[in-house]
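One is the number of the first residue; the rest follow in order along the sequence.
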Amino acid sequence: MPRFFNTAGPCRPSEHYMLPARERIADLAPLIAARQYFVIHAARQTGKTTLLLELAAELEAGGRYRALYCSVETAQGIAEPERGIAVLVAAFQTASARAPWLAAPLPDFAHIVPEQRLLHAIGALCERCDRPLVVLIDEVDCLEGPTLLSLLRQVRQGYILRDQMPFPHPLALVGMRDVRDWRASLRPERETLGSASPFNIASDSLTLRAFTRDEV
C-alpha cells in the first residue's frame, strides 16, 4: 500500500509520510539517564503518541533499558478512585501483556486498597524486568479529579521509595496540559494539596515544537 499523510492516530514510517517526532523535542537522553520524572505536553494531533512509540522502540533497541508505553484513556470520566485505579491497573496489564520481557502476566492486585494498588502494580512490572524500566504514560490529563490525584500520589510515593523498592528508572506523564494546569484543575482556589504535593517530582516540562518552514 502506498504511503499517505496520516492525521488519525500515531504515524508509522512504513505507512505514512512523516518526520521523526524525536527531532521536535529537547533531547530526552539526559533526563532518562539521570532517572528523572518529567511531563510532555502538546496540543491534540501534534505527534505525542508517535513520539512515545518512537522513544520506546529506540530505548528497547539500545539494549540498556526496557520501555513500556501505556495509555490510560480508558479511565476517562471515572472520578472515583475505587473504579478509576482498577481501570488504570488493567491498562498496565494490557500494555505489559505485549512485552516479551515479562515472563508472567501481571496480577490484578484486587486485594490491595486503591490508594496503593497502582504503586504495587508498577513496582511488580519493574521487579519482573531484566533492565531498568522506562514508563511512558499517555493521555494522563483525560483522568478526572480524585483518580488523577491518586495516580500522581502513588507515582510520587514510588519515586520517593524507589531505592527501597522496584520502581521506574524514569517515568513520563504525557497529555495536552502542563502539570501546572493539572494542579489548577484539582485544587479549588485558595486550597492546598498539602506539603507532600504530587506535582513536585517532575523535573521538567517539555513540549513538541511546531514544524519549521523547511520541514513543511
Side-chain angles (χ1 to χ4, degrees), residues 1 3 6 8-16 18 20-22 25 28-29 31-32 35 37-40 42 44-78 83-110 112 114 117-143 147-148 151 154-155 158-159 162 165-176 208:
M1 184 179 76
R3 289 190 295 169
N6 174 49
C11 293
R12 300 174 180 83
S14 61
E15 299 177 20
H16 307 126
M18 60 176 290
R22 292 278 279 112
I25 195 168
L28 299 174
L31 289 173
I32 292 171
R35 303 174 70 203
Y37 285 21
F38 54 94
V39 171
I40 298 174
R44 188 176 284 111
Q45 291 188 316
T46 52
K48 295 186 299 298
T49 301
T50 299
L51 166 71
L52 297 182
L53 296 176
E54 284 182 6
L55 178 60
E58 177 185 309
L59 290 170
E60 284 284 346
R64 182 177 178 183
Y65 303 107
R66 294 297 186 189
L68 183 75
Y69 167 85
C70 180
S71 171
V72 296
E73 188 175 6
T74 51
Q76 183 172 9
I78 305 176
R83 293 177 53 222
I85 294 301
V87 175
L88 295 184
V89 170
F92 273 93
Q93 288 175 307
T94 300
S96 63
R98 301 189 297 269
W101 44 263
L102 190 65
L106 192 67
D108 61 11
F109 299 98
I112 297 176
R117 192 177 302 162
L118 189 62
L119 174 74
H120 283 264
I122 297 176
L125 277 172
C126 296
E127 190 173 25
R128 290 162 167 76
C129 195
D130 57 347
R131 303 177 195 163
L133 179 62
V134 180
V135 173
L136 309 169
I137 307 179
D138 201 4
E139 305 289 353
V140 171
D141 57 356
C142 78
L143 304 179
T147 294
L148 173 57
L151 178 147
Q154 292 185 62
V155 166
Y159 176 88
R162 61 185 175 155
M165 63 173 285
F167 215 67
H169 185 77
L171 182 144
L173 300 171
V174 185
M176 292 191 298
L208 285 163

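Separating the CD atom in Glu139 from the CG atom in Leu173 is a distance of 12.5 Å, to the nearest 0.5 Å. To the nearest 0.5 Å, atom CD1 of residue Ile137 and atom CD1 of residue Ile122 are 5.0 Å apart. Here the CG atom belonging to Leu52 is positioned 11.0 Å from the SG atom belonging to Cys70, to the nearest 0.5 angstrom. Distance CG/Leu88 to OG1/Thr147: 7.0 Å, rounded to 0.5 Å. Interatomic distance, Tyr69 OH to Leu51 CG, rounded to the nearest 0.5 Å: 10.5 Å. How far OG1 of Thr46 is from CE of Met176: 9.5 Å, rounded to the nearest 0.5 Å.
Shown here for Pro166 and Cys126, the closest heavy-atom pair between the two residues is CB-CB, 3.7 Å. When all heavy atoms are compared, the tightest approach of Ala21 to Leu208 is O-CD2, 3.8 Å. Looking at every heavy atom in both residues, Arg117 comes nearest to Ala86 through NH1-CB, 3.8 Å. What you find for Lys48 and Gly175 is that their closest heavy atoms are CD-O, 3.4 Å. Counting all heavy atoms, side chain and backbone alike, Leu53 lies closest to Pro10 at CD1-CB, 3.8 Å. A pairwise comparison of heavy atoms in Asn6 and Gly9 identifies ND2-O, 3.0 Å as the closest pair.
Ring pair Tyr159/Tyr37 is perpendicular by interplanar angle, where above 60° counts as perpendicular and below 30° as parallel.
Applying the salt bridge (Lys or Arg N to Asp or Glu O under 4.0 Å) test to Glu58 and every residue at least two apart in sequence or in another chain returns Arg22. Listed by chain and number, the residues in a salt bridge (Lys or Arg N to Asp or Glu O under 4.0 Å) with Arg3 amount to none (sequence neighbours excluded). By the salt bridge (Lys or Arg N to Asp or Glu O under 4.0 Å) test, Glu60 is found to be paired with Arg66, residues two or more places apart in sequence or in another chain being considered.
Side-chain atoms of Arg64 do not come within 3.5 Å of backbone N or O of Leu59 as any donor-acceptor pair. Within the 3.5 Å criterion, the main-chain N or O of Gly158 finds no donor-acceptor partner in the side chain of Arg162. Panel note: side chain Gln154, backbone Pro114; a donor-acceptor pair is recorded below 3.5 Å.
Looking at Leu125 and Val135, their side chains never come closer than 4.5 Å, going by heavy atoms from C-beta outward.
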Under the side chain to side chain contact (heavy atoms under 4.5 Å, CB included) criterion, do Leu136 and Val174 qualify, and how do the steps go? CA-CA 7 Å; Leu136 309 169; Val174 185; 5.6 Å; no

List the steps, then state whether side chain to side chain contact (heavy atoms under 4.5 Å, CB included) holds for Phe109 with Leu118. CA-CA 8 Å; Phe109 299 98; Leu118 189 62; over 6 Å; no

